[in-house]
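The block underneath contains the structure these notes are about, expressed in structure tokens.
In this text, all values refer to a predicted model and were calculated from it rather than measured experimentally.
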There are 2 protein chains.
Amino acid sequence: MVPSNKPIDSIDARLLLELAEHPRATTVALAEQVGISRNTAQARLARLEQDGALDSFERRISPRALGYPLTAFITVQVVQRRLAETADALAAIPEVLQVHGISGQFDLLVHVVAANAEDLYRIAGQILAIPSVERSTTALVMRELVDYRITPLLRRHAGRS
Amino acid sequence: MVPSNKPIDSIDARLLLELAEHPRATTVALAEQVGISRNTAQARLARLEQDGALDSFERRISPRALGYPLTAFITVQVVQRRLAETADALAAIPEVLQVHGISGQFDLLVHVVAANAEDLYRIAGQILAIPSVERSTTALVMRELVDYRITPLLRRHAGRS
DNA sequence: ATCATTATGGGCAGAACGCTCAATTTTTCG
DNA sequence: CGAAAAATTGAGCGTTCTGCCCATAATGAT
């Protein structure tokens, strides 16, 4: 089955909003809330998943619950833009959750978690030990001032509050 | 029902790993894979959800699919640590997905998405227009060198590959 | 060792799921 | 405007899962 890559319309957005609020809701309940038939809701949800509108389930697993309450963002400068090999080395560190290649003064933004301060120090050391890494700066996350949310964008697409 | 806040054991980790690979898997399939009874799997998954080990479903919705293919991290310096009011102003911008208060030279790390470069420019302008914002630097995400993953940590807790 | 707490396993009825099909509505496009 | 294409809907079907019951086994505390 080939992805249709249809843009998300307001019905889709309302389905996703409903799912965001009630992740355990059944298809029939979702359909009823949105005001479409169960068949259509089923088809749309299947299409959304086919089109890759839903990320991996890993996204829903809380690192904190796994025993990694500390989060940090480490910016990294890489020698001569050897990004790929640096990324491989970073990927070998389990505590590295995500790595972005970014524009600007730094080359990489590394999202890491750690069990405690000492653990974080060790991980930062591992990153600095990567040969292609020139410089790095660790910014510890003190608190999450705005929790991750995508509902404001969804509401915009849902066409109402 | 009060959260039990039990630590995640290896069975939990294996359940989550299985879910990460097969998000649509039924409870019975998960139980079979992990080698426990269906009822036990059900109870454990319920407990994981109760304890907050699972983040909101919003995490699984792809901003790209919503029409926001551009991602950027904006570092912000705030005057006199007026963090709370700045966070409120940032939260009013739909394209702001998340805001972290961080240690170091900058005060905030703002995760935003945008429909295109012009859109991003507009959002950066909105952020700079916040009275308590002193300085800001936008780092555009060129590519994701390591996709978000938490399976390496899960595998560690699962006690096997 | 004994008791209390929790996890486990099996069974039951009801509901949801995945699927198909035909009819109807909506959209697309010549 | 009108025809073709696509999407939606309602219904129905059997299979499977779910939610909940309780009895038993395992675990931990005193």
Taken to the nearest whole Å, CD/A:Glu32 to P/C:dC17 is 13 Å

In whole angstroms, the gap separating P of D:dA6 from CG of A:Asp9 amounts to 17 Å

Worksheet entry | A:Ile150 backbone acceptor or donor facing B:Glu58 side chain under 3.5 Å | yes

Q. Think B:Thr26 has a side-chain N or O under 4.0 angstrom from the OP1 or OP2 of D:dT16?
A. no

Which part of the nucleic acid does B:Arg24 contact within heavy-atom distance under 4.0 Å: base, sugar-phosphate only, or nothing? nothing

B:Thr40 has its side chain closest, among D:dG19, C:dT8, C:dC17, to C:dT8

Whichever of B:Ala29 and A:Arg44 has the more 5' nearest nucleotide on DNA chain D, that residue is A:Arg44

When rounded to whole Å, the CG to P distance for the pair B:Asp51 and C:dT6 reads 13 Å

When rounded to whole Å, the CD1 to C1' distance for the pair B:Ile11 and C:dT6 reads 15 Å

When we call it a touch if two heavy atoms are under 4.0 Å apart, what does A:Arg38 touch: a base, just sugar-phosphate, or nothing? base

Rounded to whole Å, CG of A:Leu48 lies from P of D:dA7 at a distance of 14 Å

Testing C:dC19, D:dC20, C:dT8 for proximity to the side chain of A:Asn39, the answer is C:dC19

When A:Gln42 and B:Gly35 are each assigned the nearest nucleotide of DNA chain C, the 5'-most assignment goes to B:Gly35

Report yes or no: does B:Asp119 contribute a side-chain atom to a donor-acceptor pair with the main-chain N or O of B:Ala115 at less than 3.5 Å?
yes

Report task. Look at all strands and tell whether B:Ser37 reaches a base, only sugar-phosphate, or nothing, counting heavy atoms closer than 4.0 Å. Result -> base

Can you confirm if the aromatic rings of B:Phe73 and B:His100 lie within a centre distance of less than 6.0 Å?
no

*Return yes when atom CD of B:Gln42 has more than 12 non-hydrogen atoms of other residues, nucleotides or ligands closer than 6.0 Å, and no otherwise.*
yes

